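Given the structure is predicted, the values throughout are model-derived calculations rather than measurements.
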Amino acid sequence: MKSVSPKNSDHPTWGTPLLRVGCLLFAYTMVIIIGELGAYAVRFEFELHPDQLDRFRATIVWVLPTCLGFLALFGQFRTLLSYFSLPDAGRIVLASLCPAAVALLVWYTSGGASAAPRSIILLGFLFRAVGWIAIRLGFRLLRQRLNRGPFSKRYARRIAIIGAGDSGANLAMELLSKSKLRMAPIAFFDDDKSKWGMRIHGIPVLGAPELLLAKRMNLSEVVIATPNASGKRLREIFSILNEAELKFEILPSTEQMVNGLVKFSQIRPVEISDLLGREAVSLETERIRTLVRGKVVMVTGSGGSIGSELCRQILAFCPQRLLLVERCEVQLFQIEQELISRAGGSSLVPIVADILDEARMESLFERFRPQMVFHAAAHKHVPLMEHQPYEALKNNSIGTSKLARLAMKHSVERFVLISSDKAINPTNVMGASKRLAELYLQALQKKSTGTKFMAVRFGNVLGSSGSVIPTFKKQIAAGGPVTVTHPDITRYFMTVQEAVGLVLQSATQGVGGEIFVLDMGKPMKIVDLAKQLIELSGLEPGMDIEIVFTGLRPGEKLFEELSHVSENIVATDHPKIMRFVGAALDLETLTSGLAGLERLSLGVDGQFIKAEIKKLVPEYMPYVPAS
């Protein structure tokens, strides 16, 4: 592998590792010797007598290797010279304090004969710590100097940062230290009045973001660095920047930042999820870790939007083995390749399989013995399924029943069905097929002595395949129009990370037979969503892009409901999760009904199939097309 030269790197390489260690060894050694000698000089008012120099020479022979040993112990020879932060300073202070503690111990055990006087031990500790920190700071300043080069704000893009907190300050520092970015932060804006008129890294905090409408600063771009701002405030800022005709981007939320430092590479365009205003969900990660760690976990539909995110989050809790079951090999390959680098000590097993293939699934259960199954494989597109109800029934209901029976047969500990809010008083066959799957699990739970069956319902997932957002984006890119079915239609929306996190949290709480419903916040008008997406594209609804209302599609509701009349709410110990418990139906009746539905010919009229489903799901109100 070729080494990267300073010319093509973001920081100086300082030569080979051996040379770097040699430089540090020399620099640290000189600080130790000069610091120890300086301590003697200060203690004796710079009048050193021969006996004091003899004491210095007698003690430095063991103080020097002791100090170097503690430096090595605290990793100070393995660090990059040009990076230095407060945690590094803390380690250096400890590396200087430990030799002082050793010296004091020697002084007390030898009666002061084999160590320097206590005042010199204390001064030596201070001089060493200051000297070593100064060396590391010097290297850091040199790196920043080299990276800045001939930085000229006159020829750089002028950037304003909204948010004068830690995120904004760290971002400004990175922009200032990397001249290659050619971006000069010239002003901060913040809602906190106590910061107005102050300076951060020499950059003034001018006032609230609303001032951007009044001040003409010839800005190239604005970066929103308020990771924890509410959705309402973000929408206001977004409106201000649109009115000022300024290009803008945003830093992700604190929960989305993997490390603590803000990097320019993390800046991205504003997305619709930023404007929803949903509060960050607090997960009891230790309970989830206890549930998953060291287990064999199967995820069906692992290549889909929900399934793939389940795999990502489950892998973070260190299962022994993660079984990725997916019938589409392209999607399976993509999620496997993404997860390989994250697997750590967990084993990934990509499996091309269809849950309806009983012999194949039986062999997988016998071979791998999964302890947990997250069942996300499903047909979920409402209008498509309305025209081919047998496929929705076969995959969502019959497939779930077969998989659940296998789970019980092979003593799976927990079986979690990913359901939908469309299963509540369903008006479409997709929702009815999911409701039938829920009912089957509740009935099967009465016969189960080991496996805990549960379902988790939630609403639309932002950006998932088949959702309105990718459709709207394509329509906007094509110049419109954006099609909305009805001006009053509303839906609940969640981010996929939030939904899956709460699915895992629900799995820790289930005792069997429950249906968990996630707190989906307030429903959002689809037409408002369309307008915001058009504005995010820098266009004006009604002027640049038309919104056309096309009428409700087959089986589509104006709004989604939260529960059936027959279901009772039972509190959980998580504020974002509700537990619904209803009376279970007779398993034999459901099994017989599903078997009868499975025997139906593919050529059977769709309305007949819907009528047969209604016999098992009485609250289902099938869509009847106009004659």
Side-chain angles (χ1 to χ4, degrees), residues 253-256 258 273 276 278-302 304-320 322 342 346 370-376 378 407 412-421 423-424 434 437-438 441-442 445 451-462 464 492-522 562-563 567-581:
S253 67
T254 303
E255 289 72 24
Q256 293 172 303
V258 177
S273 57
L276 284 183
R278 293 186 61 83
E279 295 179 3
V281 175
S282 175
L283 298 178
E284 296 169 328
T285 54
E286 283 310 309
R287 287 184 64 177
I288 300 173
R289 192 181 309 280
T290 301
L291 182 72
V292 172
R293 190 179 186 89
K295 301 285 183 66
V296 179
V297 183
M298 174 185 285
V299 178
T300 69
S302 57
S305 305
I306 302 298
S308 60
E309 182 61 25
L310 270 167
C311 292
R312 292 183 193 100
Q313 294 197 26
I314 289 170
L315 200 59
F317 295 108
C318 304
Q320 177 191 340
L322 181 58
R342 307 186 192 182
S346 303
Q371 294 157 282
M372 299 183 66
V373 174
F374 289 88
H375 179 35
V412 169
E413 295 173 12
R414 291 173 190 263
F415 183 102
V416 183
L417 167 67
I418 306 302
S419 189
S420 165
D421 58 357
I424 306 166
K434 282 289 190 181
E438 292 178 354
L441 292 187
Q442 286 183 316
Q445 184 65 59
T451 305
K452 296 177 180 178
F453 293 99
M454 63 202 76
V456 183
R457 294 175 186 155
F458 49 83
N460 296 272
V461 173
L462 286 168
S464 66
Y492 293 99
F493 286 98
M494 304 179 78
T495 65
V496 66
Q497 294 84 4
E498 178 184 9
V500 168
L502 288 172
V503 167
L504 295 176
Q505 189 73 67
S506 299
T508 68
Q509 302 191 19
V511 296
E514 306 98 333
I515 296 173
F516 292 101
V517 178
L518 309 185
D519 178 358
M520 294 173 283
K522 296 180 180 178
L562 291 177
S563 67
E567 291 176 335
N568 298 316
I569 299 177
V570 179
T572 72
D573 55 9
H574 195 284
K576 293 286 187 179
I577 301 173
M578 297 173 283
R579 185 198 316 257
F580 289 91
V581 179

Got [X] and [Y] here, is their nearest side-chain heavy-atom distance under 4.5 Å?
X: Arg293; Y: Phe317; result: no
X: Leu417; Y: Phe453; result: no
X: Gln445; Y: Gln442; result: no
X: Leu502; Y: Ile577; result: yes
X: Leu291; Y: Arg414; result: yes
X: Arg457; Y: Glu438; result: yes
X: Ser506; Y: Val416; result: no
X: Arg312; Y: Val496; result: no

In Å and rounded to the nearest 0.5 Å, what is the [atom1] to [atom2] distance from [X] to [Y]?
X: Leu310; Y: Phe374; atom1: CG; atom2: CZ; result: 6.5 Å
X: Gln371; Y: Glu413; atom1: CD; atom2: CD; result: 5.0 Å
X: Met372; Y: Lys452; atom1: CE; atom2: NZ; result: 10.5 Å

Original post:
Which residue, Val503, Ile418, Val299, forms the side-chain contact (heavy atoms from CB on, under 4.5 Å) with Ile306?
Top reply: Ile418

Original post:
Which heavy atom of Cys311 sits nearest a heavy atom of Ser302, and at what distance?
Top reply: SG-CB, 3.7 Å

